[in-house]
Protein chains: 2
Amino acid sequence: MKQKNELLSKNQQLVFELIEKANEPLKAYSILSSVQKKGIKAPLQVYRALNKLMEIGKIHKIESKNAFVACKNNDCKISKASAFYICENCEDISEVNNFKLTKYLSSFKANNEMKVSKYNLEFFGICKNCQIK
Amino acid sequence: MKQKNELLSKNQQLVFELIEKANEPLKAYSILSSVQKKGIKAPLQVYRALNKLMEIGKIHKIESKNAFVACKNNDCKISKASAFYICENCEDISEVNNFKLTKYLSSFKANNEMKVSKYNLEFFGICKNCQIK
DNA sequence: TTGTAAATGTTATATTATAACATTATTAAA
DNA sequence: TTTAATAATGTTATAATATAACATTTACAA
Ligand SMILES: [Zn+2]
Ligand SMILES: [Zn+2]
Ligand SMILES: [Zn+2]
Ligand SMILES: [Zn+2]
C-alpha cells in the first residue's frame, strides 16, 4: 500500500518536505525562494500546493502568523481540528495534542448555535523554555 | 465618569463606530474607504486605530478572514480571550459568549506546556439559520 | 481511447500590512 | 507654567500576502 507522501504530486511534495523538515512555521514566499532551485517559479504554485496540503490535513496554517507547519498529530483527521501553542517570546510554535481538548471542542455547542464541523485554536503565552530563563 | 468610548482618539472613534454599527466583519481597506469622507486618508491611519482598538479589547480580528468585529462580550477582559462561530455558508460571524468555555480555555494547560495568557478560537460550521433552509 | 478531474505553468494584479520620518496633541511632573 | 515624555496623527513609499485568468499537461478511470 502506498504511503500518504507518495500520493502527493511533485509540487505538493516539494513544498511538504520543506515544511516538514523545518523546525519553525514557514511563510509562503520563504517557501517559494527555497523551492525555486527545484523548478517552482511562481507564488501561485506554492499557494496551490499549500492549499491542497491543508485540505488533506498534512499541514496547518497558523492564521495569526500567515505561516505553515506540518501536522504533528496524525494529520488531524483531515484538518478538522487544530490547536497550537505560540510563544510570544521566542515565537516557537507547537501543535497541541490533547484528546480531551479535541473532544471538548469538537463537540462544543453553546446556546443553540451552530454545530461545529471544524475549528482552529491558537494559544499565546510564554513557553516552558522561555520561562526558565 | 467618562464612558469608555470617549477615551478613544478621533481616528480610533471613527473606526470603532463603523465597526460597531456593521453587522458583519469589516476589512481594513473597506473601513478606509468608508472613513475617507471623514478625513482619514491612508491605510496606516486605519491600521493604527485597529491595533489600538484590539489592544484595549474593543474589537477583535477574525484571523481567518483578515476582518474586524466589535467585541460583543464586555471587551473580553482586554482581549485576552476570544472565540467565534463562523458560518461557512453565509459567512455570518458571531462571538461566542460562554463562561465555561472561557474558563476551560483560559486555564488550559496540557503536558507541562506553556501557561496560556491569551487565546483565539475560530469555530467553523453551518449556522442555525442556514441549517433550516 | 477518450473523457474528465487534477495538477501545472505563467503573467499580471489584487489585497493586506508595515517602514520611515515629520508633526502635533495630550499628560503629568518639575 | 514650562518642560519632557508619551500617544496620536499625517504622509509617502513599499513590503508582504494572496488570487484572477487563461493556457497546457498529466493522471487515470469509464
Ligand atoms: Zn494537526
Ligand atoms: Zn519561548
Ligand atoms: Zn470579545
Ligand atoms: Zn449561515
Spell out, as yes or no, whether a donor-acceptor pair under 3.5 Å connects the side chain of B:Q131 to the backbone of B:I126.
yes
Closest nucleotide among D:dA8, C:dT10, C:dT8 to the B:K52 side chain:
D:dA8
Nucleotides 17-24 of chain C: protein proximity per nucleotide (B base, S sugar-phosphate only, - neither; heavy atom, under 4.0 Å)
BBBB----
Side-chain N,O (B:Q12) to OP1/OP2 (D:dA8) below 4.0 Å:
yes
Rounded to whole Å, the CD-P distance (A:Q36 to C:dG9) equals 13 Å
Picking from C:dT10, C:dG9, D:dG10, the nucleotide nearest the side-chain atoms of A:K10 would be C:dG9
Examine distances only and state if a side-chain atom of A:S117 and a backbone atom of B:F124 form a donor-acceptor pair shorter than 3.5 Å.
yes
Atom-pair distance (CD on B:Q13; P on C:dT26), nearest Å
13 Å
What integer distance in Å separates A:L8:CG from C:dT8:C1'?
15 Å
Are any of A:K41's side-chain N or O atoms less than 4.0 Å away from OP1 or OP2 of C:dT10?
yes
So, B:E122 and B:K65, do they make that salt bridge, N to O below 4.0 Å?
no
Between P of D:dG10 and NZ of B:K38, the distance in whole Å:
15 Å
Figure out the CD1/C1' separation between B:I31 and C:dT15, and round it to whole Å.
14 Å
Round to the nearest Å and state the distance from A:L50 atom CG to C:dA7 atom C1'.
15 Å
Parallel, tilted or perpendicular: which describes the rings of B:F84 and B:H60, with under 30° parallel and over 60° perpendicular?
perpendicular
Figure out the CG/P separation between A:L32 and D:dT19, and round it to whole Å.
15 Å
For the pair made of CG in A:L26 and P in D:dA16, what is the distance, rounded to whole Å?
16 Å
Using atom types as modelled and distance alone, determine if a side-chain donor or acceptor of B:S30 lies under 3.5 Å from a backbone N or O of B:L26.
no
Between B:K58 and B:L8, the two heavy atoms sitting closest are CD-CD2, 4.1 Å
Give a yes/no on whether any side-chain N or O of B:S9 is located under 4.0 angstrom from OP1 or OP2 of D:dT9.
yes
Describe, in one word, how the ring planes of A:F108 and B:F123 are oriented to each other, choosing from parallel (under 30°), tilted (30 to 60°) and perpendicular (over 60°).
parallel
If the cut-off is 4.0 Å, is B:Q45 near the phosphate of D:dG10, judged by side-chain N/O to OP1 or OP2?
yes
